[in-house]
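I have placed the structure first, in the form of structure tokens, so that the comments after it can refer back to it.
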Amino acid sequence: MQGELVIYNTLSRKKEEFKAIHPPFVGMYVCGPTVYNDVHIGNCRTFISFDVIYRYLLHLGYKVRYVRNITDVGHLENDADSGEDKIAKKAKLENLEPMEIVQKYSNGFHDVMKDFNNLAPSIEPTATAHLLEQIECTQQIIDKGFAYVSNGSVYFDVQKFAEQNNYGELSGRKIDELLSATRDNLDGQDDKKSPLDFALWKQASPEHIMQWNSPWGKGFPGWHLECTVMSTKYLGEQFDIHGGGMDLKFPHHECEIAQNKAATGKEPVKYWMHANMLTLNGEKMSKSTGKFFLPAQLFSGDSELLDKAYSPMAVRFFMMQCHYRSTLDFSNEALQAAEKGYKRILIALQQLGDIKGASNSNVDVASLFKRAYDAMNDDFNTPMVVAVLFDAVKEINLLKAGEKNISHEDLSALKKLFDDFLFNIMGLKLENADDHDSALSKGLMDVILELRKDAKSDKNYAMSDKIRDTLKDLKITVKDTKEGAEWNYEG
RNA sequence: GGUCCGGUGGCCGAGCGGCUAGGCAGAGGUCUGCAAAACCUCCCACAGCGGUUCAAAUCCGCUCCGGACCUCCA
């Protein structure tokens, strides 16, 4: 393979060499969305980040089972809240069945994932389809003595668990600190022994629509439980990678570990990975403040905060220019910069097809490959890969200008560099490719450019400029080069 | 309040002890009927103040500023 892959593990707070538990198989679980609303672009960043990770592992030859759940049980705002859950609320608002809400926003989520060219996960389990397993797991934790029944609900006994385990190992929290932080927040938590305890099963009030039978009465599962149950069901009690957004680290992932260890006594996950947030004016995108974009708004430009529309691939490329563990600030200026840069790569790539191989080569393609692999192996450093690709673009332009030579072998290797890293690993794809490549467009453009060429040789520049300007209005750019005129879409 | 991150050139962002990040924007030049593109050159950044070191954007301390989590959240 291509060097050693190193991954930053949140659990150890260090970069660690990646060693699959059962090579060549890799199990990866990523927390998916709760489908009570449209996913916004911040949500998408996490899934794009893990898509790249998934793609790279596949590229390295691993057989990856990628599980990403859909949370279709409506959870409460917090454990003290006894009213409706989010899905039920939304259902009432839109006058739909809760399961219609689930379907509607699941569909929307899938569409958006497709827009961004994310690969589908291997398994996409839903919480409601795993209620039996969740009830079993709850019972198991009760049997082990780490949970208690209280008034029709079941709570995880955090302090009991912490006597023998390090609760807080992932997020770096200490029980005492957590206790002091929540001291003045005790209202409505009478059922719990301690404010730190979290629900495994929650009793449903009669008006609560989404509820199921259980040994403890009618209710619904706690939020953290589904991921514990579905990850171990499909990936085993111990698996390689668990991912999610930074904001899930505590309490969600911490509770998952606790549930797993309480149930099986084993440390469930070898590498915990967390993708950082997308910010807007330096602050996390959030629905409550109204500071966020929906993908649809981004693609249409329909928002006061946007100067124009951006294509899904321009947005994806924009995200590739930042490391997944850093926050990324969203701005028109930054997005436009990414859009232009991406376009430059695509144009160079298109021209790569016209370059002829020579007998000798003074383009060091091997070193470009090495740098790209080194970057990916260093905890998926995509911004570095992008820098390498821009260096490759420069080489292409020099080749085109006849200032460098390349052998046939290196030429196909150079093409492979882009196929591998830009398309297969970073998951970019061509846009408008169909239009540009259609025989009709090509034929028409050939005719038009031929006419323009005639005008030019007659020194009828008024005519040739008119043709160029008119095409410009149609978002087709014509450039005169030594080899004749070239054309491109948009800009 | 507690815990934890981060402050890099006009903008976005890598780097994290010595070696050019990169993109976008800007300036000059080459080329060109003119444009555009491309290429060349320039724009020598690391919040502030101390310290460690032969050497610090990179390590340590303090100060200032921003953010995340501690409740549902990607």
Side-chain angles (χ1 to χ4, degrees), chain A residues 13 30-34 36-37 39-50 71 74-81 85-86 168 171-174 176-185 196 223 243-252 274-279 282-288 317-318 321-323 325-342 344-345 347-348 351 371 375 378 381-391 393-394 396-398 400-401 403 456 459-461 464-465 468-469 472 477-482 485-486 488 491:
Chain A
R13 291 171 192 77
V30 173
C31 293
T34 305
Y36 70 101
N37 219 331
V39 285
H40 65 246
I41 190 71
N43 303 128
C44 295
R45 154 115 113 141
T46 296
F47 302 123
I48 291 172
S49 295
F50 283 101
T71 299
H75 294 291
L76 304 176
E77 317 268 307
N78 56 61
D79 285 346
D81 193 342
D85 66 68
K86 288 195 254 186
S171 55
R173 317 237 162 190
K174 307 255 185 307
D176 301 346
E177 287 162 359
L178 287 166
L179 276 171
S180 62
T182 48
R183 195 166 293 154
D184 49 351
N185 190 19
L196 264 45
W223 173 45
M246 228 35 138
D247 48 356
L248 296 183
K249 201 156 50 161
F250 189 89
H252 184 57
H274 291 94
N276 216 137
M277 302 290 104
L278 188 62
T279 62
E283 282 179 48
K284 179 182 168 183
M285 280 204 190
S286 142
K287 291 197 174 162
S288 53
F317 186 74
F318 164 70
Q321 285 186 292
C322 175
H323 188 91
R325 277 191 293 114
S326 300
T327 53
L328 172 61
D329 199 55
F330 196 91
S331 69
N332 279 286
E333 221 178 339
L335 217 37
Q336 277 162 34
E339 185 181 50
K340 283 190 186 176
Y342 183 53
R344 232 186 93 209
I345 291 181
I347 289 173
Q351 296 175 339
R371 286 169 57 206
D378 185 14
N381 194 330
T382 55
M384 208 97 108
V385 175
V386 170
V388 173
L389 293 182
F390 275 113
D391 286 345
V393 164
K394 191 163 182 174
I396 293 172
N397 289 328
L398 288 171
K400 190 166 171 278
E403 292 184 29
K456 276 181 69 173
K459 297 216 189 299
N460 184 355
Y461 295 122
S464 70
D465 288 353
R468 189 170 62 196
D469 293 344
K472 180 93 188 162
T477 309
V478 175
K479 291 180 283 191
D480 293 317
T481 70
K482 280 170 197 152
E486 289 175 355
N488 281 103

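Naming: A, B, ... by sequence-line order, numbering from 1 per chain. Because the structure is a prediction, the values reported are computed rather than measured. Keep in mind that the numbers below use all heavy atoms, side chains included, and drop hydrogens, waters and symmetry copies.
A gap of 26 Å separates the C1' atoms of B:C62 and B:C54, to the nearest Å. Look at the C1' atom in both B:A45 and B:G15: the space between them is 13 Å, to the nearest Å.
Here the CZ-NE2 distance, from A:Phe50 to A:His274, works out to 7.5 Å after rounding to the nearest 0.5 Å. Rounded to the nearest 0.5 Å, atoms CG (A:Leu248) and OG1 (A:Thr46) are 8.0 Å apart. Between the CE atom of A:Met285 and the SG atom of A:Cys44 there is a distance of 9.5 Å, given to the nearest 0.5 Å.
Here the P atom of nucleotide B:C69 and the CG atom of A:Asn276 are 10 Å apart, to the nearest Å. The interatomic distance linking A:His274 (NE2) with B:C4 (P) rounds to 17 Å, in whole Å. Remark: P of B:G1 and CG of A:Leu179 are 20 Å apart, rounded to the nearest angstrom. As a whole-Å value, the separation of A:Asn332 CG from B:A25 C1' is 15 Å.
Remark: side-chain polar atoms of A:Asp329 are paired, donor with acceptor, to backbone N or O of A:Gly282 under 3.5 angstrom. Judged by distance alone, with hydrogens and angles left aside, the side-chain atoms of A:Ser331 form a donor-acceptor pair with the main-chain N or O of A:Ala334 at under 3.5 Å. Side-chain N or O atoms of A:Asn381 include one that pairs as donor or acceptor with a backbone N or O of A:Met384 at under 3.5 Å. Under the 3.5 Å distance criterion, the side-chain polar atoms of A:Arg45 are matched with a main-chain donor or acceptor of A:Met277.
Considering only the side chain of A:Asn397, B:A38 comes nearest among B:A38, B:C70, B:A74. The listed nucleotides are B:A21, B:G23, B:A74; the one nearest the side chain of A:Ala387 is B:A21. Residue A:Lys284 places its side chain closer to B:A68 than to any other of B:C40, B:A68, B:C70. Minimum atom distance to the side chain of A:Glu177 is reached by B:G2, of the listed B:G2, B:G33, B:A74. Set against B:G33, B:A74, B:C24, the side chain of A:Lys456 has B:G33 as its closest nucleotide. Side-chain proximity of A:Glu283 to B:C24, B:C72, B:A68: nearest is B:A68. Taking every side-chain heavy atom of A:Asp480 into account, B:G33 is the closest of B:A38, B:G33, B:A74. Residue A:Lys479 places its side chain closer to B:A36 than to any other of B:C39, B:C69, B:A36.
Both tests do not hold together for A:Arg344 against A:Phe390: distance to the six-membered ring centre under 6.0 Å, angle to the ring axis within 45°.
On a pure distance criterion of 3.5 Å, a polar donor-acceptor pair joins the side chain of A:Arg468 and the base of B:A35.
Look at A:Lys394 and you'll find a side-chain N or O under 4.0 angstrom from OP1 or OP2 of B:C40. Close to B:C4, at under 4.0 Å from its OP1 or OP2, lies no side-chain N or O of A:Arg13. Of the side-chain N and O atoms in A:Lys340, one or more sit less than 4.0 angstrom from OP1 or OP2 of B:A25. At B:A21, none of the side-chain N or O atoms of A:Arg371 fall inside 4.0 Å of OP1 or OP2 (strictly under the cut-off).
Of the two residues contacting RNA chain B, namely A:Tyr461 and A:Phe317, the nearest-nucleotide position lying further toward the 5' end is that of A:Phe317. Each of A:Val386 and A:Leu398 lies near RNA chain B, and the nucleotide nearest A:Val386 is the one positioned closer to the 5' end.
Nucleotide B:C19 is matched to nothing when pairs are restricted to Watson-Crick or G-U wobble geometry with both distances under 3.5 angstrom. Judged by Watson-Crick or G-U wobble contacts below 3.5 Å, the nucleotide B:C44 has no partner. Figure legend. B:G1 is base-paired to B:C70; pairs are counted as Watson-Crick or G-U wobble with both atom distances under 3.5 Å. The partner of B:C31 is absent, by the rule that a Watson-Crick or G-U pair needs both atom distances under 3.5 Å. Figure legend. B:C24 is base-paired to B:G10; pairs are counted as Watson-Crick or G-U wobble with both atom distances under 3.5 Å.
Across all strands shown, A:Val478 has heavy atoms under 4.0 Å from base atoms, whether or not it also approaches the sugar-phosphate. Residue A:Gly42 is in base contact, counting any heavy-atom pair closer than 4.0 Å across all strands shown. Among the protein residues, A:Lys174 comes within range of no part of the nucleic acid, since none of its heavy atoms lies under 4.0 Å from any strand.
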Handout entry: Protein-to-nucleotide contact annotation, 5' to 3' order, nucleotides 12-17 of chain B [B base; S sugar-phosphate only; - none; under 4.0 Å, heavy atom]
Key = SSSS--
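A salt bridge does not link A:Lys472 with A:Asp469: every distance from a Lys NZ or Arg NE/NH1/NH2 to an Asp or Glu carboxylate oxygen is 4.0 Å or more.
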